Every structure is written in C-alpha cells, then in structure tokens.
Number of protein chains: 2
Amino acid sequence: MSVPLDRNTGRGLAYELVERLKARILAGEIRPGEKLPTESSLIEEFGVSRTVVREAVSQLQAAGLVETFQGRGSFVLAVPASTAFTVEATQIRTHRDVLDMLDFRIGVESEAAGLAAERRTELQLKAVERALVDLTSPGGQPGNAVEADFRFHLKVALASGNRFYSDLLASFGPMMIMLPRTRLEHTYTVSDATHLTRVTLEHENVYRAIADRDGAAARAAMRLHLANSRARLQAP
Amino acid sequence: MSVPLDRNTGRGLAYELVERLKARILAGEIRPGEKLPTESSLIEEFGVSRTVVREAVSQLQAAGLVETFQGRGSFVLAVPASTAFTVEATQIRTHRDVLDMLDFRIGVESEAAGLAAERRTELQLKAVERALVDLTSPGGQPGNAVEADFRFHLKVALASGNRFYSDLLASFGPMMIMLPRTRLEHTYTVSDATHLTRVTLEHENVYRAIADRDGAAARAAMRLHLANSRARLQAP
DNA sequence: ATGCCTCACTCGTCTGACAAGTTTGATCCC
DNA sequence: GGGATCAAACTTGTCAGACGAGTGAGGCAT
C-alpha cells in the first residue's frame with residue numbers, strides 16, 4: 001500500500017493525487033456512500049502537504065465525485081453511470097441538491113395541486129385516482145414504486161390544465177423522486193410500515209382535496225407531503 | 001470595485017469565489033485565451049486567503065474552464081455555454097399561454113420569494129435592491145423596463161439560494177415577462193401613471209418582505225403581484 | 001434509561017515561507 | 001545598434017503551523 005506519488009510527471013502533485021483517488025473510486029475500492037480517507041490520512045499515505053490534499057479533494061468535488069461536509073469528511077457519490085442514463089441524472093447528486101429539489105417541488109407542485117383542485121375535469125380526476133391506486137396497491141417492486149409515485153405527481157400536474165407545470169414535471173422524469181446514493185439506503189430502505197402508510201395517507205389527502213375542488217386544501221396537502229418528505233431526509 | 005465575498009452562504013468561501021469567477025467567464029468579462037487575475041490580485045480583490053483562491057482556481061481547472069501554467073498564470077479556455085435546465089424555450093403565443101405562464105410563475109416565484117425571505121444573505125438582498133432601483137428609476141426605454149423587471153424577479157430567485165428556482169427563471173429569460181402582441185398596445189402602453197405606480201408598489205412590497213425576513217409576507221406579496229398582473233391582462 | 005455536555009476529530013480558513021518556472025529588462029560584448 | 005547573458009521581479013507549486021467551526025461519540029449527572 002501507499003506508493004508515494006510520482007513527483008516528476010510535470011503536472012503537479014495535486015493532479016497526481018486526483019488521478020490516484022479517481023482510480024480508487026472508479027475501481028470500486030471506495031464505494032458510493034463510503035467515506036474518503038481523512039485529509040490527515042492522505043497526507044501520511046502519500047507524503048504530501050495538506051495544501052495538495054485539499055486541492056485534490058476540491059477537484060474531486062468539482063468533478064462531482066465526492067461531497068464534503070465540514071466536521072465529517074468527504075463521501076463518494078454515485079458513479080456517473082457511463083451508460084448515458086440521462087443528462088439530467090447528473091443534475092441531482094449531492095445531498096444538498098436533493099433538499100433543494102424538494103424545496104423546488106414544494107413551490108411547483110403545491111400550486112399545481114391547487115390549480116388542479118380548482119380546474120380539474122372528471123377525466124383528469126379519474127387519472128389521478130388511477131395513479132393513486134397503482135401507488136397504494138402492494139403489487140410492485142421498489143423500482144415500480146418510484147415510477148408510480150412519479151406518475152401520481154405527474155397526473156396531478158396534468159390536472160392543473162397548465163402545460164408549464166406538466167411539462168416541467170415530465171422533463172424531470174422519475175429521476176425527481178430518486179435520491180442520492182450516499183445515504184439513501186439508510187433512509188429509504190428502512191422504510192418501515194409506518195413510513196409507507198404515512199406517505200400513502202399524504203397522497204390520499206392530496207387526492208381528496210382535488211376531488212373536493214378545495215384548492216387551499218390541495219395546496220396545503222401537497223406542501224405538507226413534500227415538506228414531510230424533505231424532513232424525512234434532512235435528519236436521518 | 002471588488003464586492004467582498006459573501007461569507008454566509010454556508011457553502012464555503014471557495015465555492016463562492018468559484019461562482020463569482022465562473023460568472024465572469026460565462027458573462028464574457030474574461031474571454032477565452034485571456035489571463036485570469038493573478039492569485040495575489042484575487043486575494044486583494046476578494047479579501048480572502050491564498051488557500052481559498054487556490055482552491056477556487058483548482059476547481060475551475062477541474063471544471064475545464066481554465067488551464068494553469070506555473071510561473072505564468074491561469075488562462076480561460078473555450079466556454080461550453082450550457083445551461084442546466086433543458087426546458088425548451090417554449091414559445092408563448094396565445095393569450096392563454098400568457099395566462100398559463102403567469103399561473104406557473106405564481107407557483108414558482110411566490111415560493112422562491114418565500115425562501116428568499118427566509119434564507120437570503122445581505123449580499124443577495126442588496127442585489128434585489130439594486131434591481132428594484134433600476135426598475136423604479138424612470139431612466140430607460142420600455143424595452144429596458146422589461147429587462148429590468150426580469151432582472152428583479154431573477155434576483156429574488158437567486159436570493160432563495162436554490163439553483164432550481166434561479167436556473168428555471170434564467171432559462172425562461174426576459175421572454176417570460178413579454179406579452180402577446182395582440183392587445184399589448186391596449187393594455188400596456190395605455191398604462192397610465194396609476195398602473196405604473198401600482199406595479200412599482202407591488203415590487204416594493206416583495207422587496208420589503210424579503211428584507212424583513214418575512215417568508216409568509218413575501219409569498220403573499222409575490223402571489224399578489226403576479227395575480228394582479230394576470231388580472232390586468234385577463235379582462236382589459 | 002435519558003438527556004446534557006465535554007472533548008476528540010474533521011474540515012475550513014488564515015498566515016508566512018520557500019521552491020520552481022516565466023518574463024522582463026538592464027547589462028555586457030561585439 | 002544588435003544580440004546574447006543574466007539577475008531580479010513576478011507567478012504558480014508546495015510546505016508547515018495555527019486557529020475556528022461543525023460533528024459525533026462517550027461520559028456524566030439526573
């Protein structure tokens with residue numbers, strides 16, 4: 001272990017260190033969600049100064065490979081799926097991005113739900129209802145659940161009759177429900193029954209308000225649902 | 001010159017500096033091939049230590065925006081000029097599109113204003129204030145007014161600290177303020193003094209709520225402003 | 001058992017210093 | 001004058017030490 005850095009490549013020690021760490025991550029030696037060695041460890045292992053280590057980690061950060069938290073350390077993010085998943089998949093990576101996305105969805109979707117309640121047609125309501133049933137029926141795999149969740153939110157947006165809302169949600173795709181790999185496992189798979197019933201209840205509240213043509217209730221219900229989702233993630 | 005860095009964004013000084021420099025490059029203030037200010041200059045201009053400056057430049061390097069040579073300096077590379085949001089610049093043509101757009105903006109911008117009130121930094125508030133002044137000063141042509149109006153709304157979104165809001169507004173551009181040609185003359189140019197003062201007042205209300213850190217008031221003020229704009233168009 | 005609090009650990013920033021590469025300009029020689 | 005030479009100034013690269021700020025674990029009192 002711990003081969004010292006080659007000091008004669010002409011591109012700088014920080015560059016060398018970045019390459020080493022990148023290789024480790026891409027090779028899976030440090031898996032997504034795991035912690036990068038501390039700065040002190042890297043200083044010892046590679047025999048360089050803290051300046052170099054910090055610059056290297058800083059570049060990994062800029063490259064979207066790790067996310068750093070003061071007082072805790074740097075954590076490896078999901079490896080950019082080389083299969084060209086979607087361009088947008090690279091947009092939500094860090095923990096902060098997820099929280100920001102939920103704040104964004106609060107603004108967009110609560111108003112969309114309100115408009116949906118006020119302007120929906122019977123047909124649109126039926127579509128929302130179908131999505132809700134798909135979501136609550138215990139039929140599918142976890143992957144299917146994300147898909148169904150997204151479809152419910154999309155149908156609500158469609159019921160608003162405003163193409164800007166529905167187009168925006170459609171452009172996000174199911175990705176908007178997805179969560180970062182870092183501590184996702186910890187918070188989402190631990191979804192005990194309590195979690196699921198609570199989320200289901202929140203969805204039903206949104207649906208009922210739309211069915212009742214109660215705009216204010218629909219806005220509140222959707223805001224509550226998303227704010228709760230955000231809270232469920234923020235302090236695991 | 002040289003506005004000092006905002007030390008309260010919670011993402012670190014280096015991050016702030018990166019954003020500043022990135023903005024300069026993207027805005028074309030430093031053209032491809034030109035030299036970035038030296039580290040010493042940046043230290044002086046932004047009042048930070050060399051550590052921060054070096055990390056920032058290092059990140060620009062990782063992002064592929066600059067290339068650095070020992071003993072010479074950092075030079076700006078070609079600009080990719082890509083926007084995060086791929087929301088197509090959907091044309092707003094029909095009268096209904098305009099109303100839908102305003103309904104959409106109600107959802108997006110009222111929440112953005114609320115978040116801005118709750119999370120803004122002093123620097124962001126100053127930016128909003130400047131935009132407001134530009135808007136109220138009777139200096140410019142009508143075209144300039146649209147531009148200034150847009151800038152105000154964008155600065156509010158930026159003050160939310162959530163890139164999804166600001167990216168979305170930025171992707172729309174001043175176009176989102178524009179109105180259909182059909183009855184534009186009728187509704188906007190006939191804008192007697194009453195109209196203008198009323199709109200100005202609405203903007204000021206938004207600003208004041210953000211300054212007071214009153215999230216609920218900011219949401220209400222922005223919603224009112226956009227709802228009024230909608231009403232001013234709906235039944236002229 | 002619970003809640004609070006201290007303390008060690010980690011990252012964020014600052015300061016000062018020296019090494020290594022580049023540019024500039026004065027100097028010297030022709 | 002023109003060209004080669006070289007020292008000094010400037011720029012980036014690296015090192016070392018220090019302190020502040022946020023986090024988390026373990027101990028302590030209740």
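On a predicted model such as this, the values are computed, not experimentally measured, just so you know.
The nearest whole Å value for the distance from the CD atom in A/Glu44 to the P atom in D/dC15 is 15 Å. If you take CD of A/Gln59 and C1' of D/dG13, they are 13 Å apart, rounded to a whole angstrom. Spacing between atom CG of B/Leu17 and atom P of C/dG12 amounts to 15 Å, rounded to whole angstrom units. Rounded to whole angstrom, the span from the CZ atom of B/Phe46 across to the P atom of C/dT13 amounts to 15 Å. Taking atom OH of A/Tyr15 as the reference point, atom C1' of D/dT14 lies 19 Å away to the nearest angstrom. Atom-to-atom, CG of B/Leu13 to P of C/dC11 comes out at 18 Å; the value is rounded to the nearest Å. In this structure, B/Phe69 atom CZ and D/dG13 atom P are separated by 11 Å, rounded to whole Å. Regarding B/Glu16, its CD atom lies at a distance of 14 Å from the C1' atom of C/dG12, rounded to whole Å.
When distances are taken from the side chain of A/Glu39 to each of C/dT13, C/dG12, D/dT12, the shortest belongs to C/dG12. With D/dT12, C/dT13, D/dC15 as the candidates, the nucleotide lying closest to the side chain of B/Arg54 is D/dT12. Checking D/dT12, C/dC11, C/dC14 against every side-chain atom of B/Val52, the shortest atom distance belongs to C/dC14.
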Atom pairs, protein N/O to nucleotides 16-20 of chain D N/O, distance under 3.5 Å:
{"unit_1": "D/dA18", "atom_1": "N6", "unit_2": "A/Arg50", "atom_2": "NH1", "d": "3.1"}
{"unit_1": "D/dG20", "atom_1": "N2", "unit_2": "A/Gln70", "atom_2": "NE2", "d": "3.4"}

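The main-chain N or O of B/Thr121 is found under 3.5 Å from a side-chain atom of B/Gln124 such that the two form a donor-acceptor pair. In terms of modelled atom types and a separation under 3.5 Å, the side chain of A/Ser41 and the main chain of A/Pro37 share no donor-acceptor contact. For the pair B/Asn162 (side chain) and B/Phe164 (backbone), a donor-acceptor distance under 3.5 Å is present.
The side-chain contact (heavy atoms from CB on, under 4.5 Å) search around B/Ala112 returns B/Tyr165, not counting sequence neighbours.
Residues A/Glu45 and A/Arg24 are paired through a salt bridge, judged by an N-O separation under 4.0 Å between the basic side chain and the carboxylate. The pair A/Arg230-A/Asp103 counts as a salt bridge, with a side-chain nitrogen and a carboxylate oxygen less than 4.0 angstrom apart.
For the salt bridge (charged side-chain N to carboxylate O under 4.0 Å, His left out) condition, the pairs that include at least one residue of residues 52-66 of chain A, sequence neighbours left out, are A/Glu39-A/Arg54, A/Arg54-B/Glu55, A/Glu55-B/Arg54.
Residue A/Glu55 is the one, among A/Gly71 and A/Glu55, whose nearest nucleotide of DNA chain D lies closer to the 5' end (criterion: closest heavy atom).
For B/Arg72, no side-chain nitrogen or oxygen approaches OP1 or OP2 of C/dG21 to under 4.0 Å.
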